[in-house]
Amino acid sequence: MLITHDTRCALDAVVDLVNTAPEDDEATPDGLPDVAALEEFVRKHQISDVGVLSEFDLSAVRKVRGRFAGIFAAADARSAAGLINELVAAAGTTPRLTDHDGYDWHVHYFAPGASVADHLAADCGMALAFFVVAGEQERLRRCEAPDCRRAFVDLSRNRSRRYCDSRTCGNRLHVAAYRARRKEAAG
């Protein structure tokens, strides 16, 4: 599956956005607690054509984040497609070619002057749509570590990635399994 630069940027943004949501336990704070955090998110992901952000934008982005989380939790491609269609339609998608900021021609799916929430819904929604169209919806995953449910996109060749980060979640589980085997062998 060919993933263009702009699609990869949108995938990185949607994964990071979904992962800002607080976990089910009350101990995990919201990764987008205020407008300043949203501004930092916009800067980090180099989201263009965004004006001055407000509490309204923060609230709208949090709602979009919840809808994206539903796509990562979708049981099948049909469910994911329905959620993506709703999200992209609500954003008022307006595809247009652009070559800004030193990047070659690419497609933006948000309308000029769109809110940051509509911008994310349109561009990130379309990036996820490409995976469904390619029959690759199962690559939109959640970490399998028992204490982690972070979202990620499995871009491995054989679709075998199980953890959001092999150096943290994957390594921690492999070490725990090793220790359990050693303890069992020692009897």
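Count residues from 1 along the sequence.
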Practice item. Under the salt bridge (charged side-chain N to carboxylate O under 4.0 Å, His left out) rule, what do Asp30 and Arg62 come out as? Steps first, then yes or no, please. Key: CA-CA 10 Å; Asp30 192 315; Arg62 285 177 175 164; 3.6 Å; yes
Practice item. Taking side-chain contact (heavy atoms from CB on, under 4.5 Å) as the test, write out the residues that go with Ala90, two or more places apart. Key: Arg67
**Study point:** CA sep, side-chain torsions, deciding dist, call: Arg96, Asp49, salt bridge (charged side-chain N to carboxylate O under 4.0 Å, His left out)
**Key:** CA-CA 13 Å; Arg96 63 188 169 97; Asp49 297 330; 3.4 Å; yes
Check your understanding: What ring-ring contact (aromatic ring centres under 6.0 Å, His included) pairs are there with at least one residue in residues 118-162, not counting sequence neighbours?
Key -> Phe110-His119
Check your understanding: Of all residues at least two apart in sequence or in a different chain, which pass the side-chain hydrogen bond (donor to acceptor under 3.5 Å, both in side chains) check with Asn158?
Key -> Ser160
**Study point:** Ion pair Asp154/Arg159, N-O distance below 4.0 Å
**Key:** no
Check your understanding: Between CD1 of Ile3 and CG of Leu11, what distance do you get to the nearest 0.5 Å?
Key -> 6.0 Å
Review point. Would you say Leu83 and Phe68 make side-chain contact, with heavy atoms under 4.5 Å?
Key: no
**Study point:** side-chain hydrogen bond (donor to acceptor under 3.5 Å, both in side chains) partners of Thr20, counting only residues at least two apart
**Key:** Arg65
**Study point:** Interatomic distance, Glu86 atom CD to Ile84 atom CD1 [nearest 0.5 angstrom]
**Key:** 10.5 Å
Check your understanding: Is a side-chain donor-acceptor pair under 3.5 Å present for His45 with Asp16?
Key -> yes
Practice item. With sequence neighbours excluded, give me every salt bridge (charged side-chain N to carboxylate O under 4.0 Å, His left out) pair touching residues 103-123. Key: none
Check your understanding: Can you name the residues that form a side-chain hydrogen bond (donor to acceptor under 3.5 Å, both in side chains) with Arg157, not counting sequence neighbours?
Key -> none
